[in-house]
Number of protein chains: 2
Amino acid sequence: MTDPHPLEAVYEPLAVSVRKLIDVTIRTEADAAAVLAARQLIDTACEQLSVELMPGSFGLRTTPDGQGSAWGNVAIGIRNPVAPPLFVHHEPDGQVWTEFVLGAAYEGPAGHVHGGVCALVLDHVLGATAHQPGRPAYTGTLTVRYLRGTPLGPLRAQARVQRVEGVKTFAVGEITDGHGVTVQAEGVFIHPKQRPPLEAGPAA
Amino acid sequence: MTDPHPLEAVYEPLAVSVRKLIDVTIRTEADAAAVLAARQLIDTACEQLSVELMPGSFGLRTTPDGQGSAWGNVAIGIRNPVAPPLFVHHEPDGQVWTEFVLGAAYEGPAGHVHGGVCALVLDHVLGATAHQPGRPAYTGTLTVRYLRGTPLGPLRAQARVQRVEGVKTFAVGEITDGHGVTVQAEGVFIHPKQRPPLEAGPAA
């Protein structure tokens with residue numbers, strides 16, 4: 001493990017606060033006056049943070065300052081309040097897994113994770129197992145099979161490489177809750193022979 | 001068109017403010033003191049909104065108060081700051097389409113939409129075309145084919161029913177940018193014969 005980047009202590013807690021704010025924004029039953037007062041605080045915070053903004057998205061920063069390139073990523077970005085974020089663990093045998101909790105912000109059917117969010121999680125973990133250091137891969141095809149509804153709450157996702165055929169890596173994985181598998185996926189990932197295209201890399 | 005629900009004017013602008021805050025949280029280069037000050041405002045807003053919270057997620061509200069059941073939805077929810085949100089238009093012939101803008105919050109590869117977010121959008125619009133009033137459908141399988149990277153910015157998604165076989169509806173759709181199709185999808189949706197299961201309905 002390397003020491004955390006010093007800017008992590010500045011920006012990560014901000015994203016944690018905003019994640020909590022997202023949850024209560026959806027679930028609040030406060031009255032109109034209280035909501036208006038909260039909005040004014042939020043708008044003021046927004047102005048204060050906007051005094052210095054990088055142009056464009058996080059990945060397009062023109063001055064690399066040592067911040068992790070995936071800090072803005074919608075699945076794993078510690079600076080992105082939309083990301084749960086997923087912390088993806090790599091086992092020595094190439095398998096990957098992540099344990100995470102999805103709350104109200106990821107709802108589709110009542111009390112359940114949106115099927116598209118399941119696809120997002122699986123796209124990311126399948127990509128993480130297909131990607132290898134120095135041998136980036138981009139997603140060609142992803143097939144997601146819904147066995148039953150995935151309840152909001154604590155979940156696990158895992159993936160592994162099934163086989164490799166030339167430039168193609170076939171990966172499979174699933175999401176499980178306390179009662180077993182809810183969603184399965186298989187993905188075909190392409191390793192470009194020349195320099196990586198735009199979709200390359202572990203950032204899916 | 002029906003008149004908007006009176007609570008829409010209270011809660012929708014709050015979600016709009018939080019969406020803007022999400023974007024600047026990812027992109028800010030303000031110093032540690034400014035970030036700390038902003039966090040304190042955000043935490044205060046969070047406390048004020050938390051004085052009255054519905055238990056659990058939005059869809060599980062125990063007191064239906066006329067708010068749209070999809071207001072908390074991660075794809076289309078006007079109260080969910082994680083949702084772009086998508087506004088899905090239904091044509092008389094059953095086709096659906098939506099035009100939307102994805103910014104820094106949805107990034108995967110630098111400057112591009114995360115492949116999993118493309119899957120989320122397609123899952124939702126394909127589900128919207130397969131679902132019919134009084135005849136809900138749930139997603140059985142979704143296959144997503146990535147033709148090239150989808151740039152952050154203005155995008156369009158559309159979907160249509162290809163064929164119906166018994167309880168199965170086959171839908172296809174795609175995401176396009178200014179230069180054409182970036183991602184294609186096909187989905188198999190199941191119409192339950194008995195009462196709808198948990199994944200049923202247009203909320204995907």
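Values below: all heavy atoms of this structure, side chains included; hydrogens, waters and symmetry mates excluded. Predicted, not measured: the structure shown is a model, and the values here were computed from it. Below, chains carry the letters A, B, ... as their sequence lines are ordered, and counting in each starts from 1.
No donor-acceptor pair under 3.5 Å is formed between the side chain of A:R163 and the backbone N or O of A:F170. Between the side chain of B:H124 and the backbone N or O of B:L122 there is no donor-acceptor pair closer than 3.5 Å. Checking side-chain atoms of B:T98 against main-chain N and O of B:F87 turns up a donor-acceptor pair under 3.5 Å.
At a heavy-atom cut-off of under 4.5 Å, chain A is reached by B:R39, B:L41, B:I42, B:D43, B:T44, B:A45, B:C46, B:Q48, B:L49, B:S50, B:V51 from residues 39-51 of chain B, listed in order of number.
Side-chain atoms of B:E107 and A:S57 include a donor-acceptor pair closer than 3.5 Å.
Residue contact with chain B, scored on non-hydrogen atoms closer than 4.5 Å, involves the backbone and the side chain of A:L14 alike. Heavy atoms closer than 4.5 Å to chain B are found nowhere in A:A83, neither backbone nor side chain. Of the atoms belonging to B:A37, heavy atoms from both backbone and side chain fall under 4.5 Å from chain A. Both the backbone and the side chain of A:P13 come within contact range of chain B, judged by heavy atoms closer than 4.5 Å. With a 4.5 Å cut-off on non-hydrogen atoms, B:L60 touches chain A through its backbone and its side chain both.
Aromatic ring centres of A:H5 and A:W71: separated by under 6.0 Å.
For the pair B:V88/B:I76, a side-chain contact is recorded, criterion being any heavy-atom separation below 4.5 Å from C-beta on. The shortest side-chain heavy-atom distance between A:I26 and B:Y11 does not fall under the 4.5 Å cut-off. Side-chain contact between A:P81 and A:L21: absent, with no pair of heavy atoms (C-beta onward) separated by less than 4.5 Å.
For the side chain to side chain contact (heavy atoms under 4.5 Å, CB included) test, residues two or more places apart in sequence or in another chain that qualify with B:V161 are B:T129, B:V164, B:T169.
Note: A:G56 leads A:G56, A:A34, A:A9 in heavy-atom pairs under 4.5 Å with chain B. Most heavy-atom pairs under 4.5 Å with chain A, from the set B:D31, B:V144, B:V10: that is B:V144. With respect to chain A, the highest number of heavy-atom pairs below 4.5 Å among B:T25, B:T143, B:T141, B:V24 belongs to B:T25. Annotation: maximal heavy-atom pairing with chain A below 4.5 Å, among B:T28, B:V82, B:V35, occurs at B:T28. Per-residue counts of heavy-atom pairs under 4.5 Å with chain A were compared for B:L147, B:L7, B:N80; the largest is that of B:N80. Note on A:A105, A:A185, A:G72: by heavy-atom pairs under 4.5 Å with chain B, the leading option is A:A105. Each of B:L36, B:L152, B:I22, B:I190 has some count of heavy-atom pairs under 4.5 Å with chain A, and the biggest count is that of B:I22. The candidate with the highest count of non-hydrogen atom pairs below 4.5 Å against chain B, out of A:P151, A:G77, A:G140, is A:G140. Each of B:S69, B:G59, B:A119, B:P55 has some count of heavy-atom pairs under 4.5 Å with chain A, and the biggest count is that of B:G59.
The minimum heavy-atom distance linking A:P154 with A:V101 is given by the pair CA-CG2, 4.1 Å. The two residues A:Y146 and A:C118 come nearest to each other via the heavy atoms CE2-CB, 4.2 Å.
Applying the salt bridge (charged side-chain N to carboxylate O under 4.0 Å, His left out) definition to pairs two or more places apart or across chains, those involving residues 173-185 of chain A are A:R148-A:D177, A:R160-A:E174. Pairs passing the salt bridge (charged side-chain N to carboxylate O under 4.0 Å, His left out) check and including a residue from residues 6-25 of chain B, sequence neighbours excluded, read B:D23-B:R27.
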